[in-house]
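Counting from 1, the numbers follow the sequence of the chain as shown. It should be emphasised that the depicted structure is a prediction, and the values quoted were computed from it without experimental measurement.
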Amino acid sequence: MSESGAVPLLTEIADGVATLTLNRPEALNALNRPLKDGLLDALRRVARDRDVRVVVLTGAGRAFCAGQDLREQGDGTSLAVELRERYNPLILGLRRLEKPVIAAVNGVAAGAGVSLALACDLRIAAEEASFVLAFGRIGLVPDSGLTWFLPRLVGPARAAELFFAPDPISAQEALRLGIVNRAVPGSHLMAEVGGLAARLASAAPRAMALAKRALNRSLEVDLEAALAYEASLQGIAGATADHQEGLAAFREKRSPRFRGE
Ligand code: T3D
């Protein structure tokens, strides 16, 4: 429970899509311990749940997430420990989750809230949303994976500018820079995200999981290693029942019904 008695993270599962909603709207969904722990727990549960094929991460109210809760009373834990024990597992949890994760960025994302959005596979932003790299303003370095994700999305020079002279990035600018996949009017956001999530929920789950593994690995290795990894993953995908179903559906001119087997 949060200080207002509300559950800090809401989980709703329907039609193969788990929607995780950061639910501290009075604090712009700033990340306090209960919210961080709740999100990590939810990621572990959806990872195990075979009925969940796609995850959507969003925020309640007018914000996506304002990053670390700056009002939370510290217990003396150093920031390094807080990162190692809570933020880093969250970021790795999102990247290692073998299901596509869509960030529905409904409003402002700041600090580690930006990191959370960038750790997702896809980002759809409301046109009213913005990205605030707030770390420097409070004398901190970008963390929770931001120094890794941002240069890969926008290039090192733009990332340096965004880190050193951090004006808020509008959704349109984020789209131009390649930080988000789509920017849509806020009133259409959840319908747009729902449409994409439904499409992904009907795709072959094992193939998508393996594609996510390959994408993660591709950023670390040379072409030769990427080719070898693709071949080994294709060996796994090619042996699934879903591959047989895909072939049968093609030959029979019908839509495939993938069962994740
Ligand atoms: O453990 C560690 O510390 C290490 C990890 C660090 C990771 C990080 O995330 S560091 C970065 C932390 N985040 C920030 O610095 C962002 C702080 N917030 C803002 O800059 C602004 O609030 C926003 C740009 C996000 C939004 O601005 P605006 O004008 O739309 O809203 P506001 O009026 O500033 O905020 C509305 C309320 O939310 C307000 O509360 P009130 O006055 O109505 O009772 C404000 O205090 C609260 N709020 C906003 N951000 C946070 C927050 N409360 C706690 N923590 C926050 N991060």
Side-chain angles (χ1 to χ4, degrees), residues 2-4 8-9 21-37 39-40 57-92 94-95 103-120 123-180 183 186:
S2 76
E3 59 284 10
S4 61
L9 184 89
T21 304
L22 309 173
N23 188 37
R24 301 186 65 223
E26 71 285 352
L28 305 189
N29 303 315
L31 297 157
N32 62 1
R33 288 250 176 109
L35 179 50
K36 284 178 264 187
D37 292 346
L39 181 55
L40 189 56
L57 180 64
T58 193
R62 72 176 174 92
F64 176 72
C65 173
Q68 168 62 32
D69 186 334
L70 299 178
R71 292 183 173 174
E72 191 168 48
Q73 296 295 326
D75 61 2
T77 306
S78 88
L79 300 192
V81 171
E82 188 65 14
L83 286 168
R84 288 188 195 115
E85 292 188 352
R86 289 198 165 71
Y87 282 97
N88 296 358
L90 275 177
I91 299 304
L92 291 172
L94 287 163
R95 290 305 325 140
V105 186
N106 53 302
V108 64
V114 180
S115 308
L116 275 187
L118 298 198
C120 297
R123 283 158 290 286
I124 302 187
E127 282 167 359
E128 301 80 359
S130 58
F131 295 83
V132 181
L133 305 185
F135 300 89
R137 277 196 331 219
I138 54 169
L140 292 181
V141 293
D143 64 22
S144 307
L146 206 58
T147 63
W148 193 89
F149 293 116
L150 199 63
R152 284 167 169 78
L153 287 168
V154 305
R158 282 205 178 103
E161 190 173 1
L162 295 170
F163 287 151
F164 301 157
D167 291 328
I169 305 164
S170 68
Q172 279 307 327
E173 179 70 352
L175 181 64
R176 195 183 67 76
L177 290 170
I179 293 173
V180 301

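- Under a 3.5 Å cut-off, the side chain of Asn32 and the backbone N or O of Asp69 do not form any donor-acceptor pair.
- How far SG of Cys65 is from CG of Leu57: 8.5 Å, rounded to the nearest 0.5 Å.
- Under the 4.5 Å side-chain criterion, counting only non-hydrogen atoms from C-beta, Trp148 is not in contact with Ile91.
- With hydrogens and angles ignored, the 3.5 Å screen pairs no side-chain donor or acceptor of Glu82 with any backbone N or O of Thr77.
- Here CD of Glu85 is found 9.0 Å from OG of Ser78. Values are rounded to the nearest 0.5 Å.
- A distance-only check finds no donor-acceptor pair linking the side chain of Ser144 to the backbone of Leu116 [under 3.5 Å].
- Ala112 and Tyr87 make their closest contact through CB-CE2, 3.5 Å (heavy atoms, listed as atom of the first residue, atom of the second, distance).
- The structure places CG of Leu153 at 11.0 Å from CG of Leu162, a figure rounded to the nearest 0.5 Å.
- The number of heavy-atom neighbours closer than 6.0 Å to CZ of Arg84, taken from other residues, nucleotides and ligands shown, is 12 or below.
- The backbone N or O of Pro8 lies less than 3.5 Å from no partner atom in the side chain of Arg24, so there is not a single donor-acceptor pair.
- Expressed to the nearest 0.5 Å, how far CZ of Phe163 lies from CZ of Phe135 amounts to 8.0 Å.
- Residue Ala104 comes nearest to Phe64 through the heavy atom pair O-CD1, 3.6 Å, listed as atom of the first residue, atom of the second, then distance.
- The main-chain N or O of Val105 is never found under 3.5 Å from a side-chain atom of Arg123 such that the two would form a donor-acceptor pair.
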Residue pair Leu79, Gln68: steps toward the side-chain contact (heavy atoms from CB on, under 4.5 Å) verdict: CA-CA 11 Å; Leu79 300 192; Gln68 168 62 32; over 6 Å; no

Stepwise side-chain contact (heavy atoms from CB on, under 4.5 Å) test for Leu150 and Ile179: CA-CA 8 Å; Leu150 199 63; Ile179 293 173; 4.0 Å; yes

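- Between atom CG of residue Leu133 and atom CD1 of residue Ile169 there is a gap of 4.5 Å, rounded to the nearest 0.5 Å.
- Scanning both residues, Val180 and Ala125, for their nearest heavy atoms gives CG1-CB, 4.0 Å.
- At least one donor-acceptor pair under 3.5 Å links the side chain of Asn29 to the backbone N or O of Ala60.
- In this structure, Arg33 and Glu72 approach most closely via the heavy-atom pair N-OE2, 2.8 Å.
- Listed for the Asn106 side chain is no donor-acceptor partner under 3.5 Å among the backbone atoms of Gly186.
- By the salt bridge (Lys or Arg N to Asp or Glu O under 4.0 Å) test, Glu173 is found to be paired with Arg176, residues two or more places apart in sequence or in another chain being considered.
- A donor-acceptor contact closer than 3.5 angstrom is absent between the side chains of Asn23 and Thr21.
- The salt bridge (charged side-chain N to carboxylate O under 4.0 Å, His left out) analysis of residues 160-172, with sequence neighbours excluded, yields no pairs.
- For Arg95, the salt bridge (Lys or Arg N to Asp or Glu O under 4.0 Å) test picks out Asp121, with sequence neighbours left out.
- Distance check, rounded to the nearest 0.5 Å: CG of Leu35 to CG of Leu40 gives 11.0 Å.
- Annotation for Ala117 and Phe131: closest pair CB-CE2, 4.4 Å, computed over non-hydrogen atoms.
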